[in-house]
Participant: 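I have a structure here, written as C-alpha cells, and I will follow up with some questions on it.
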Amino acid sequence: MTRIRGTLPLVLALVLAGSALANDDPGSSKRKPKNAKQDVEAIGERQVARGPNFWSIEKEIALGKRLAQDVERHSKIVDDPVIAEYVNRVGQNLVRSSDAKVPFTIKLIDSADVNAFALPGGFFFVNSGLMMRAESESELAGVMAHEIAHVAARHGTRQATKAQLVQFATIPLLFIGGWTGYGIYQASGFLIPMTFLKFSRGMESEADFLGVQYLYKAGYDPTSFIDFFEKMLADEKRRPGTMSKLFRSHPPHGSRIRKTQKTINELLPGKREYVVNTSEFLQVKERLAQLVLRRKETTEDPNKPRLRRTSAGGTIPTDDIDVESTEEEEDERPTLKRR
C-alpha cells in the first residue's frame, strides 16, 4: 500500500507533464489521419495511385517520353544553365517529398503563359511565365507540387483507362489527362462525356490535396498554395478570360481555396519555421527577366517605332516626345507616402 501511494503522485505528475507538453506542441490539436492519404508522416511510402489502370509503370514512362519529345519539338526550352538547374532543383526537392514512384525530368519552357504541366512517367514542364508571375519560391513550388501530385497519383494513365472503359471503340492514342490531354482529345475529334469531365475535376481536387502535403513536407509554407490561387482569381476578376487554360480546367477557385485551407487546418501539424522565399529565387527570376528582355529585343523589327508610356498610362512614339513638357509632368505627379 505504501508503494502504491508513493508512486501515485509520480504517475500523476508524468501524466500532467505529458499533457502540458502536448499542449505546447503546435500540431497537437490536429486531427489524426483517417486514411493513408492523410498521413503526411507516411509520404513516400503511401500508395496514392489506386484505381483501374491498363498501363504498367514501364509503359507509362515510355508514353511520357514520347509525349515529352513532341513537346520539345514544338517548344523553346530555356537552356540557361543557372535557371534550368534552379528550376530542376526546386522540383526534385518536391519529388523527394512526394509519393511519386518514377524519376522526374524537369525543364523550363520559354513561354509567357502562366502554366505548368506534368506528363505521365515524370516528364515535367514549367513555363517561364509561371516563374515570372510567382512572387516567391513557395508560390512556384506550390504549383509544381500540384503537378507532381498528378504524376504520383498516375492521373494521366488512370484517366486514359477510364476513357477506354467509357468509349472503348474510340481509344485516344495520346491522352495524357488534365487540360493538355483535354485539348489533344478534342483536337483528335473525340468527344468526352460530361461524366468523364467530372472524373478529371475530381483528379484535380486530389492533386490539390496531395500537392499541398508535398509542399509542406518539403519545408515550404503550405498557405503559399492558397496565395497563388487567390492571385489567379484576382487576375481573372480584373481581366476576365485571361486565366491560363491550366486554371480554367481546374475546379472553381473559391472551392479549391476552401478545401485546401481545410486540409492545412486539419491535417498539417504546425511548424515553427517554413520556407517562403529565397534570395536565389529573386536572383534567378531577375536573370530570367533579362533573358526574356534580350529575346524580345532580338526578335523586334529595328525599324518599328518604339513606344514610351505617358503618365496617364498611354503610349507615345519616342520621336514625338517633348522633353520639357515631359519633365513638367514628372514634377506635377503626386507622391504617396505610407502611413
Side-chain angles (χ1 to χ4, degrees), residues 26 40 43 78 80 82-98 104 106-118 124-150 207-239 242-244 246-247 250 253-254 256-261 263-265 268-293 338:
V40 293
I43 289 176
V78 176
D80 181 281
V82 174
I83 300 174
E85 190 278 332
Y86 170 78
V87 173
N88 179 66
R89 178 157 33 89
V90 171
Q92 297 296 348
N93 180 39
L94 290 164
V95 171
R96 287 191 295 271
S97 302
S98 76
F104 270 67
I106 304 173
K107 296 186 179 181
L108 186 69
I109 294 178
D110 184 359
S111 171
D113 289 340
V114 181
N115 204 354
F117 59 96
F124 186 10
F125 295 91
V126 179
N127 282 8
S128 58
L130 172 62
M131 189 167 181
M132 296 304 299
R133 187 65 184 90
E135 296 181 0
S136 66
E137 182 174 299
S138 56
E139 286 188 1
L140 171 66
V143 179
M144 295 178 75
H146 172 92
E147 295 304 320
I148 289 169
H150 278 306
D208 286 346
F209 179 74
L210 296 173
V212 74
Q213 294 182 49
Y214 300 160
L215 187 68
Y216 167 88
K217 185 74 172 180
Y220 292 103
D221 181 358
T223 60
S224 298
F225 208 89
I226 296 175
D227 291 343
F228 201 82
F229 286 164
E230 291 176 336
K231 185 184 278 90
M232 292 297 97
L233 182 59
D235 286 351
E236 181 66 13
K237 286 182 177 179
R238 186 168 58 252
R239 293 176 295 174
T242 61
M243 189 181 296
S244 166
L246 167 70
F247 298 102
H250 288 23
H253 281 68
R256 296 182 73 182
I257 292 171
R258 288 191 297 272
K259 288 181 178 179
T260 303
Q261 187 63 65
T263 300
I264 293 172
N265 292 341
L268 305 183
K271 293 182 179 179
R272 297 188 184 278
E273 293 182 347
Y274 294 106
V275 174
V276 176
N277 206 4
T278 64
S279 58
E280 188 178 16
F281 169 80
L282 299 176
Q283 293 167 2
V284 172
K285 183 176 178 179
E286 176 60 26
R287 186 182 180 97
L288 178 61
Q290 293 175 1
L291 186 149
V292 172
L293 181 61
R338 294 187 180 277

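Values in this document were obtained by computation on a predicted structure and should not be read as measured data.
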Participant: Using modelled atom types and a 3.5 Å cut-off, is there a donor and acceptor pairing between side-chain atoms of D221 and backbone atoms of T223?
Facilitator: yes
Participant: Under 4.5 Å between any side-chain heavy atoms of V284 and I83, yes or no?
Facilitator: yes
Participant: Where do N115 and L130 come nearest, in terms of heavy atoms and distance?
Facilitator: O-CB, 3.6 Å
Participant: Whether the side chain of N265 engages the backbone of Q261 through a donor-acceptor N/O pair (distance < 3.5 Å, no angle test) should be reported.
Facilitator: yes
Participant: Other residues, nucleotides and ligands only: do more than 12 of their heavy atoms fall within 6.0 Å of NZ on K259?
Facilitator: no
Participant: Closer than 3.5 angstrom, by distance alone: can the side chain of S138 be matched with the main-chain N or O of V276 as a donor-acceptor pair?
Facilitator: yes
Participant: How far apart are the closest heavy atoms of G211 and A149, and which atoms are they?
Facilitator: N-CB, 3.8 Å
Participant: Holding to side-chain contact (heavy atoms from CB on, under 4.5 Å), I want the full list of residues that pass it with R89, two or more places apart in sequence or in another chain.
Facilitator: E85, Y86, E280
Participant: Is Y274 reaching over with its side chain to a backbone N or O of Y216, donor-acceptor style, under 3.5 angstrom?
Facilitator: no
Participant: Specify the closest pair of heavy atoms between A116 and F124, including all atoms of both residues, with the distance to one decimal.
Facilitator: CB-CE1, 4.2 Å
Participant: Do V114 and M232 touch side chain to side chain, with heavy atoms closer than 4.5 Å?
Facilitator: yes
Participant: Can a donor-acceptor pair be found, under 3.5 Å and without considering hydrogens, that links the side chain of K285 to the backbone of M132?
Facilitator: yes
Participant: Given side chains that start at C-beta, do those of E147 and H150 come closer than 4.5 Å, heavy atoms only?
Facilitator: yes
Participant: Going by the rule side-chain contact (heavy atoms from CB on, under 4.5 Å), which residues pair with A141 if we only count those two or more places apart in sequence or in a different chain?
Facilitator: V90, L94, L215, Y220
Participant: Mind listing the closest non-hydrogen atom pair of F228 and E139 along with its distance?
Facilitator: CD1-OE1, 3.7 Å
